[in-house]
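The structure appears right after this line, and notes come after that.
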Protein chains: 2
Amino acid sequence: MTDSAFFGHLPHKTIERLSQYRRALLLCLDNGQSHIFSHEIAKIQHITSVQVRRDLMLIGYSGTLRKGYNIQELIDLIGSIVDSEEGINVAIVGMGNLGRALIKYISGKRHKLTIVAGFDSNPEKAGTKMNGVDCYSTEKMDEIIREKEIKIGIITVPAVNTREIAARLVEAGIKGILNYTPKPIEVPDGIYLEEYDMITTLEKIAFFVKVSEEEKEPTPEK
Amino acid sequence: MTDSAFFGHLPHKTIERLSQYRRALLLCLDNGQSHIFSHEIAKIQHITSVQVRRDLMLIGYSGTLRKGYNIQELIDLIGSIVDSEEGINVAIVGMGNLGRALIKYISGKRHKLTIVAGFDSNPEKAGTKMNGVDCYSTEKMDEIIREKEIKIGIITVPAVNTREIAARLVEAGIKGILNYTPKPIEVPDGIYLEEYDMITTLEKIAFFVKVSEEEKEPTPEK
DNA sequence: ATTCTGCTGTTAATTAAATAACAGCGCAAA
DNA sequence: TTTGCGCTGTTATTTAATTAACAGCAGAAT
């Protein structure tokens, strides 16, 4: 039995990449490939092969010289590190376009991550199913989260409600929050929070596009 | 006239934070606030006040001692750095839930970033409007992109089509791509690419939730 | 006055992440 | 054989990002 807690000190970026490697590897497996070289993985992820080998070193996996890494083994190992053995239940709060997109996108892709509930303040949506996920009124959030032992909440509600929803998720005992709202929230220690804002990303791209255009223009004298 | 190209060497993370600061500042302005301290901004963004002051130092902005930073001035300065003076046109490829969510979310929020077209392979969507944005058939992508001088493309199509769409965006002369598909793409030099995958983010959260739970359990002997 | 306090702006130190460098090995070619 | 080559695994170096440390100042408290 491996002491999986050992992996708690992996760099955050490595965790992200492991998840990405796995997805790429699953595709390769579907193509009938059985082994893969570090530089092949690297190519797919736009990184260097050193980075890949270094990450694999950190999780203690060894490939075969001149043959590369056994894809199935690597997938399993990554799973044993990033997945929770018993699986983790997830809820989405806000059944708007983004919430629905997430359900379609995530459901069924990872058998250790299950979206078990969607919440929406619109009472008409309560009682319906969206891509196999039961929807409930936001009022029942607390109850359902405890009942279904939901550990992670994804917030996709309008910005004005973000704070309130976050507070209620915390109150209900959630352990991780993914906030897709432009409104930053605060959570107590011990709750893992990740925030992602699409406008920030877009503005960043716009900035670098702008800069690269400016650099191309004839530099105005010394 | 400031030599805005100077700011081309700002750290990527600083650019992201500037965008976030601005959003927070706009809210403060709405609340009637006129000045703000570095530690107040920091609180909102869950970072330290040193980080904030350092970022502002990098863009050459000075606050007033014991009074903080002039919110309006700072918003304007950040705008002059991250925004493109003439504005930048954006297209969304894939009018599914995610594409629609993005339109609702972004449209009108930044007057220097305009979503001017949506594309979808479903011919029924062509000719319609979504939240004020014209939709076109994917076939017309090349034509419309040139015609409207679209610089940035956001890909929200099903994974299988990602590569083809990306290639066509590049071909049409796009300068920046935001890929929300789980399929990594490759682009030539000079095109700024940003990829974001929701499952990776969710798996990362799941990992840290798992790790923190394990750490809480009674450590199995020495 | 003068001491204290709380904030800014900047430099220095630390930490995290990515990259480079290279030793080792086993197949493949000659 | 032996030489070369291509790949792994690891350590060393570099670069990027964050955090710590502190000098300086202006107003408030005494």
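In what follows, every chain begins at residue 1, and chains take the letters A, B, ... in the order their sequences are listed.
- Residues B:I199 and A:I106 form a side-chain contact, since some pair of their non-hydrogen atoms from C-beta on lies under 4.5 Å apart.
- When DNA chain D is scanned in the 5' to 3' direction for atoms under 4.0 Å from non-hydrogen atoms of chain A, the outermost contacting nucleotides are D:dC5 to D:dA12.
- With rounding to whole Å, A:H9 atom NE2 is found 15 Å from C:dT15 atom C1'.
- B:Y105 and B:N131 form no side-chain donor-acceptor contact under 3.5 Å, judged by distance and modelled atom types alone.
- When the shell of 6.0 Å around NZ of B:K148 is examined, it contains more than 12 heavy atoms from other residues, nucleotides or ligands.
- Here A:D76 pairs with nothing under the salt bridge (Lys or Arg N to Asp or Glu O under 4.0 Å) rule; sequence neighbours left out.
- Within the 3.5 Å criterion, the main-chain N or O of A:G94 finds a donor-acceptor partner in the side chain of A:T156.
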Side chains of residues 24-36 of chain A: which donor-acceptor pairs under 3.5 Å do they make with residues two or more places apart or in other chains?
unit_1: A:Q33; atom_1: NE2; unit_2: A:H35; atom_2: O; d: 3.3

Show me the donor-acceptor pairs within less than 3.5 Å that the side chains of residues 48-56 of chain A make with the rest of the protein, sequence neighbours left out.
unit_1: A:T48; atom_1: OG1; unit_2: A:Q51; atom_2: N; d: 3.2
unit_1: A:S49; atom_1: OG; unit_2: A:R53; atom_2: NH1; d: 3.3
unit_1: A:Q51; atom_1: OE1; unit_2: A:R17; atom_2: NH2; d: 3.1
unit_1: A:R53; atom_1: NH1; unit_2: A:S38; atom_2: OG; d: 3.2
unit_1: A:D55; atom_1: OD1; unit_2: A:T14; atom_2: OG1; d: 2.9
unit_1: A:D55; atom_1: OD1; unit_2: A:R17; atom_2: NH2; d: 3.1
unit_1: A:D55; atom_1: OD2; unit_2: A:R17; atom_2: NE; d: 2.6
unit_1: A:D55; atom_1: OD2; unit_2: A:R17; atom_2: NH2; d: 3.4
unit_1: A:D55; atom_1: OD2; unit_2: A:Y21; atom_2: OH; d: 2.6

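- Partners of B:H46 according to the ring-ring contact (aromatic ring centres under 6.0 Å, His included) rule, which considers only residues two or more places apart in sequence or in another chain, do not exist here.
- Partners of A:E171 by salt bridge (Lys or Arg N to Asp or Glu O under 4.0 Å), not counting sequence neighbours: none found.
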Tabulate below the donor-acceptor pairs under 3.5 Å that side-chain atoms of residues 177-192 of chain A make, not counting sequence neighbours, or state none.
unit_1: A:N179; atom_1: OD1; unit_2: A:T181; atom_2: N; d: 2.9
unit_1: A:N179; atom_1: OD1; unit_2: A:T181; atom_2: OG1; d: 3.4
unit_1: A:N179; atom_1: ND2; unit_2: A:K183; atom_2: O; d: 2.9
unit_1: A:N179; atom_1: ND2; unit_2: A:E195; atom_2: OE2; d: 3.0
unit_1: A:Y180; atom_1: OH; unit_2: B:Y196; atom_2: OH; d: 2.9
unit_1: A:T181; atom_1: OG1; unit_2: A:V157; atom_2: O; d: 3.2
unit_1: A:T181; atom_1: OG1; unit_2: A:T162; atom_2: OG1; d: 3.3
unit_1: A:Y192; atom_1: OH; unit_2: A:E194; atom_2: OE1; d: 3.3

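- Remark: B:E73 engages B:Y61 in a side-chain hydrogen bond (donor to acceptor under 3.5 Å, both in side chains) (not counting sequence neighbours).
- B:A91 approaches B:F119 most closely through the heavy-atom pair CB-CE1, 3.8 Å.
- Using a 4.0 Å cut-off on heavy atoms, none of the residues of residues 36-45 of chain B approach DNA chain D.
- Looking at which nucleotide of DNA chain C each of B:Y69 and A:H12 is closest to, the 5′-most match is held by B:Y69.
- Listed by residue number, there are no residues of residues 188-206 of chain A with a heavy-atom contact under 4.0 Å to DNA chain D.
- Evaluation of the salt bridge (Lys or Arg N to Asp or Glu O under 4.0 Å) rule for A:R110 yields B:E203 as partners, not counting sequence neighbours.
- Using a 4.0 Å cutoff on non-hydrogen atoms, the parts of residues 52-68 of chain B near DNA chain D are B:R54, B:L65, B:R66, ordered by number.
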